[in-house]
Amino acid sequence: MVAQGLFIMPDRYDYALLLKKQTIEQQVLPLKKAENKLTFIINKNIPPGTYQVFLRNITDRKNSRETGFSIGLYDANKPYLASFKNNTGIYAPGQSLTFKTKNFEIVSARYYQVTLSGTNTSFSINGIYDAGKQELNLVLPNTIPIGNYSISLVLNNASNQSVYQLETDLVLRIQ
């Protein structure tokens with residue numbers, strides 16, 4: 001991860017990336033420093049989850065204001081959505097959408113439910129998983145309003161009981 005800004009002065013101050021999730025705070029020191037730019041490697045032993053991202057000025061003991069930026073850390077041994085396939089950046093109501101997946105085969109799931117959460121509404125959509133291609137396919141509702149949506153996923157067994165849940169940091173933009 002790279003943090004870049006106008007007032008970042010690595011030659012004058014020491015910095016850390018601060019990741020916050022509820023009561024958990026993780027501090028990551030930069031791997032590289034350059035003018036107005038810091039490069040961080042997120043350690044594998046930080047617990048999975050979605051974290052708010054801050055920049056900490058260690059020298060002055062100050063945190064940046066909330067950046068509005070979050071990062072999702074996943075357990076590489078559990079199921080997760082890796083990316084959008086053929087990402088166009090912007091999608092339309094009624095459009096088909098495909099996610100590249102990882103490790104879905106380790107969970108005994110039969111139903112794949114994707115929840116899209118927007119500002120004032122949310123939609124739960126049943127996806128179809130293609131194990132051969134390791135892809136999850138779904139069709140966006142024709143009635144979905146324009147906006148940005150966070151994406152979460154629930155994998156259910158044949159009795160329709162949840163066997164795995166996942167919050168992602170992927171954002172779906174409908175226009």
Is it the case that one hydrophobic cluster holds both Leu172 and Leu170, taking links as side-chain heavy atoms less than 4.5 Å apart, direct or via other members? yes
Do any N or O atoms from the side chain of Asn103 and from the backbone of Pro79 form a donor-acceptor pair under 3.5 angstrom? no
Shortest non-hydrogen contact from Leu140 to Leu116? CD2-CD1, 3.7 Å
Could Asp14 and Lys33 be called an ion pair, given the rule that one side-chain N must be under 4.0 Å from one carboxylate O? yes
Would you mind reporting whether Leu73 and Tyr51 have side-chain heavy atoms less than 4.5 Å apart? yes
Looking at Lys100, I'd like to know if its NZ atom is crowded, meaning that more than 12 non-hydrogen atoms belonging to other residues, nucleotides or ligands lie closer than 6.0 Å. yes
Nearest atoms (heavy-atom pairs only) where Gln175 meets Pro93: O-CD, 4.2 Å
Heavy-atom side-chain proximity of Leu18 to Glu25 below 4.5 angstrom: yes
side-chain contact (heavy atoms from CB on, under 4.5 Å) evaluation trace for Lys133 with Thr98: CA-CA 11 Å; Lys133 293 181 181 178; Thr98 301; over 6 Å; no
Indicate yes or no: at least one non-hydrogen side-chain atom of Glu105 is less than 4.5 angstrom from one of Gln134. yes
Could you tell me if the side chain of Val114 sits less than 4.5 Å from the side chain of Ile151, heavy atoms only? yes
Could you give the distance from CD1 (Ile42) to CG (Leu17), rounded to the nearest 0.5 Å? 5.0 Å
Thr121 side chain near Pro145 side chain, heavy-atom distance below 4.5 Å: yes
Apply side-chain contact (heavy atoms from CB on, under 4.5 Å) to residues Tyr15 and Ile8 and explain how you reach the verdict. CA-CA 9 Å; Tyr15 295 94; Ile8 296 175; 4.0 Å; yes
Note, Val139 side chain near Ile125 side chain (heavy atom, < 4.5 Å): no
Interatomic distance, OG1@Thr119 vs CG@Asn148, rounded to 0.5 Å, equals 7.5 Å
Check whether Asn57 reaches the backbone of Thr59 with its side chain - one donor and one acceptor, N or O, closer than 3.5 Å. yes
Is there a donor-acceptor pair closer than 3.5 Å between any side-chain N or O of Tyr80 and the backbone N or O of Phe104? no
Are Arg110 and Asn157 close enough that a side-chain donor and a side-chain acceptor fall under 3.5 Å? no
d(Phe84 CZ, Glu135 CD) to nearest 0.5 Å is 13.5 Å
Treat each ILVMFWY residue as a node, draw an edge where side-chain heavy atoms are under 4.5 Å apart, and state whether Tyr149 and Val154 are in one component. no
May I ask whether Leu19 and Ile24 are part of the same hydrophobic cluster, defined by side-chain heavy atoms of I, L, V, M, F, W, Y residues being less than 4.5 angstrom apart, directly or through others? yes
If you measure from CG on Leu97 to CG on Leu136, what distance do you get to the nearest 0.5 Å? 8.5 Å
Kindly compute the distance separating CZ (Arg56) from CG (Leu29), expressed to the nearest 0.5 Å. 10.5 Å
State, to 0.1 Å, how close Leu155 and Ala109 come at their nearest heavy-atom pair, and which atoms those are. CB-CB, 3.8 Å
Tyr112 vs Tyr129 aromatic rings, parallel, tilted or perpendicular, using cut-offs 30° and 60°? tilted
Using the side-chain contact (heavy atoms from CB on, under 4.5 Å) rule, take Thr115 and Phe123 through it: C-alpha gap first, then chi angles, then the decisive distance, then the call. CA-CA 6 Å; Thr115 301; Phe123 291 85; over 6 Å; no
Minimum-distance pair of heavy atoms, taken over all atoms of Ser108 and Val163: O-CG2, 4.1 Å
Gln26 and Pro47, any side-chain heavy atoms less than 4.5 Å apart: yes
Ile128 CD1: over 12 foreign heavy atoms closer than 6.0 Å: no
Mind checking whether Tyr91 and Ile144 sit in one hydrophobic cluster, side chains of I, L, V, M, F, W, Y counted as touching below 4.5 Å? yes
Give a yes or no on whether Ile174 and Leu81 share a hydrophobic cluster (residues Ile, Leu, Val, Met, Phe, Trp, Tyr; joining criterion: side-chain heavy atoms under 4.5 Å apart). yes
Whether Ser122 side chain and Ser117 backbone form a donor-acceptor pair below 3.5 Å: no
Before accepting this row, confirm whether a basic side-chain N of the pair Lys21/Glu167 lies closer than 4.0 Å to the acidic partner's carboxylate O. no
Residues, nucleotides or ligands: over 12 heavy atoms within 6.0 Å of Asn120 CG: no
Distance (rounded to the nearest 0.5 Å) between Asn63 CG and Phe54 CZ: 7.0 Å
Side chains of Pro48 and Tyr74, heavy atoms from C-beta outward: is any pair under 4.5 Å? no
